[in-house]
Amino acid sequence: MSPRDDLSLSCDHIQSTRQLSLVASVLLAQGDPKGEVRSVGQRVFRILESRQPEGPSPRHLLPVVSKITHLAPHTLHEDQTNQLSKRLVDWLRYASVQQGVAHTSGGFFSTPRARQPGPVTEVDGAVATDFFTVLSTGQHFTEDQWLNVQAFSMLRAWLLHSDPEGPSTPDADDRSELEGSTLSVLSAGSTAGHLLPPRERLREKAFEYCQRLVEQSTRRALRKGDSDLQKACLVEAVLVLDVICRQDPSFLYRTLSCLKALHARLCGDPARVRTLLPIAQFFLNHEPGAGGRWGLLAWNSPPLTAEFVALLPSLVDADTAVEVLHALLDLPCLTAALDLQLRLSPATSERPLWDPSLKIPSCLEASRDPQFQGLLQYLLRATASGTTERLGPLHRLLQPLASCARVVQCAQAVPTLLEAFFSAVTQFADGALTKQLALLLLERSDSLFQVPQYEAHVHRVLSSRFLALCALHPSLVVELAKELLEFVGSVSGVQGRGAMLASVVWAVGEYLSVSWDRRRTVEQINRFFEALEAVLFEVTQSRPSAALPRCPPQVVTVLMTTLTKLASRSQDLIPRVSLFLSKMRTPAQSPAPSSTSCEEDAGAVRTRAAELLTLLKMPSVAQFVLTPSTEVSEPRYHRDANTALPLALRTVSRLVEKETGLLPGRRDRDEEPGVRAGPRLP
């Protein structure tokens, strides 16, 4: 900033392009309090328009033009935009293909018979046979070659500025209907280049330039620096092609064929897998019905996970959320299917029988069944359709591939992607979408591909996110009462989905209350109580085995707590839950020892049973503590000692302290006096 208000810079009379670029960088950094951006832009374009061939190079002004385009695009006139578009065409397409001459300082040893410069070369050392690009190499570069490099660096931003809405010709809508057809190829190449308007001609030359870069990226670079440059230029070329196709759909047919071949080549090159992300974005923008972005992620999940986490918010909206969630949960299965397809390719059929990649004969034989192709098409569906029952046969067919390294790596990435998905979807989900997603979580919790550790990790994410959905819309518990009862009524679901069951049971105990939904009825409470009581009895009395593993103690304690909550809201149920809790709190009558992992877990269950039983001896206190009003979140309920909540907590604490004498190994001589002498709420 200027140290004084009356001290200012001006670019009105500067002729040197280098000096103008230095002054412009200062003026543009100060913002636009006095219209500096417009004045700089006009001065830069006046120099560009009046420049003679032997005059100073405009190379220093192109970064200034890019900055002005970003800061104030409205300051440029139509004729100025067209003029620079013409210049960019010349710089991109018609730069010299001969290397520059080395600059000498003169002196005794300088000679006019210096070695003449040779042609530019490719990154692999071959002599270039096509026009110059940023990937052409040489010892020295000419001025127009430097302009070629700078023109490409600002090309994408300039295309977006010069034609943000796409072609303005009357038949633009008609041309968009020809996407992917042969007519689009003819329409793009039938007009002579010099007859096109400046913007259309720039798009045509930019398309040729990007195609040339894609071709140059196939060459094996001799130096690491050139290899890194290849990757960076390839990413930028795909992004430019995306802009061109959005502005003029007639380029789409040629671009799709080019990028599909590029995608197939890059998938087999781990060193360039990061360049697949812009290709995925291109397919997303121009092939919304294709599921290619998920074959892409399934096959390259380790290096692309972070990029897809950033990409997910743009993939998810109210219309695609269900489809995306299905796709994420099916990623390991999709990876296994792609692996199987690779093993069935003609190249693998010629491998010797002792090839370790072909040691799954039953899977390979079963995949030749025509039914498999139908199942695979269901897996690759573009939109969510059908039922999860169709996944069962596909999972069984692909199960021998579940332990393959690529499948395991993909499964490890899914929890991270699920977290990113729910973080994005909760920003806009309404009641209807939340209900859809909650139902899907219940449905898919037992329809996952059996990869080692995959089910447990996914269940942890699904259970926490189910609670988050219920917190957003507490009425879900009442609206999905039938589905929730069906979910908790399956003993197999209890054993295989412990984390998910605990979340569902906790949500029932928390939100099946009139404080959250006035539609709650006593009949609903009784139905849930009977279902959860049967589940708790089953998991505490059954002996674990290989086919029926033990129930986690966390599930047992959540079941007991929810039953206590429901009983406090329908006090006719208190005797039933009290009888059950009284049996749970003593070692002689507690659940089978083999149903808990160790004595510590068993002790935690007995302690929780004693605490809940103590609460139920004072129903009014139990209802207040277990079902607090929504006002409990206000700070005064925690800071003011005279309010109801601290008083109730002190009361319960005294009761629990006295009731500890009922636990095994404790004296029980103070049990009755302690309970009877405890303070009561007003």
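Below, all heavy atoms of this structure are taken into account, side chains as well, without hydrogens, waters or symmetry copies. Quick caveat: nothing in here was measured; it's all calculated off a predicted structure.
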Check: Ser217/Arg265 side-chain N/O donor and acceptor closer than 3.5 Å: yes

Minimum-distance pair of heavy atoms, taken over all atoms of His263 and Leu276: CD2-CD2, 3.7 Å

Minimum side-chain heavy-atom gap Thr521-Val478 below 4.5 Å: no

Smallest separation among heavy atoms of Ala481 and Gln524, with atom names: CB-NE2, 4.5 Å

Approximate separation, where rounding is to 0.5 Å, of Ser570 OG and Ile525 CD1: 5.5 Å

From CG (Leu462) to CG (Leu437), nearest 0.5 Å: 11.0 Å

Residues in salt bridge (charged side-chain N to carboxylate O under 4.0 Å, His left out) contact with Arg527, at least two apart in sequence or another chain: Glu523

pair Phe449-Asp330: side-chain heavy atoms closer than 4.5 Å: no

Heavy-atom donor-acceptor pair, Ser445 side chain to Leu442 backbone, under 3.5 Å: yes

Ring pair (Phe, Tyr, Trp, His ring centres under 6.0 Å) involving Phe580 - partner list, sequence neighbours excluded: none

Where Ser464 and Ser503 come nearest, the two heavy atoms and their spacing: N-OG, 4.3 Å

Leu394 side chain near Cys333 side chain, heavy-atom distance below 4.5 Å: yes

Note, His473 side chain near Glu479 side chain (heavy atom, < 4.5 Å): no

Side-chain heavy atoms of Arg576 within contact of Glu533, under 4.5 Å: yes

Test item: Val539 and Val555 side chains (from C-beta on) under 4.5 Å apart, heavy atoms: no

Considering all heavy atoms, the nearest Cys410-Pro332 contact: SG-N, 3.8 Å

Value rounded to 0.5 Å, distance of CE in Met560 from CG in Leu532: 13.0 Å

Pairs involving residues 416-437, ordered by first then second residue, that meet salt bridge (charged side-chain N to carboxylate O under 4.0 Å, His left out) (sequence neighbours left out): Glu419-Arg465

Leu401 vs Thr335 side-chain heavy atoms within contact, under 4.5 Å: no

Qualifying residues under salt bridge (charged side-chain N to carboxylate O under 4.0 Å, His left out), relative to Glu483, sequence neighbours excluded: none

Partner of Val505 under side chain to side chain contact (heavy atoms under 4.5 Å, CB included), chosen from Val535, Leu559, Leu563: Leu559

Side-chain (Ser463) to main-chain (Met500) donor-acceptor, under 3.5 angstrom: no

Derivation and outcome, side chain to side chain contact (heavy atoms under 4.5 Å, CB included), residues Gln412 and Val408: CA-CA 6 Å; Gln412 292 170 347; Val408 173; 3.7 Å; yes

Counterpart residues, ring pair (Phe, Tyr, Trp, His ring centres under 6.0 Å), relative to Phe466 (two or more places apart): none

Those residues that, when tested against Asp228, pass salt bridge (charged side-chain N to carboxylate O under 4.0 Å, His left out) (two or more places apart): Lys224

Nearest non-hydrogen partners of Leu626 and Arg569, listed with the distance: O-NH2, 4.0 Å

Test item: Leu612 and Leu616 side chains (from C-beta on) under 4.5 Å apart, heavy atoms: no

Nearest-0.5 Å distance that lies between atom CD in Gln427 and atom CG in Asp317: 14.5 Å

Exercise: identify the closest heavy-atom pair between Val309 and Pro313: O-CD, 3.5 Å

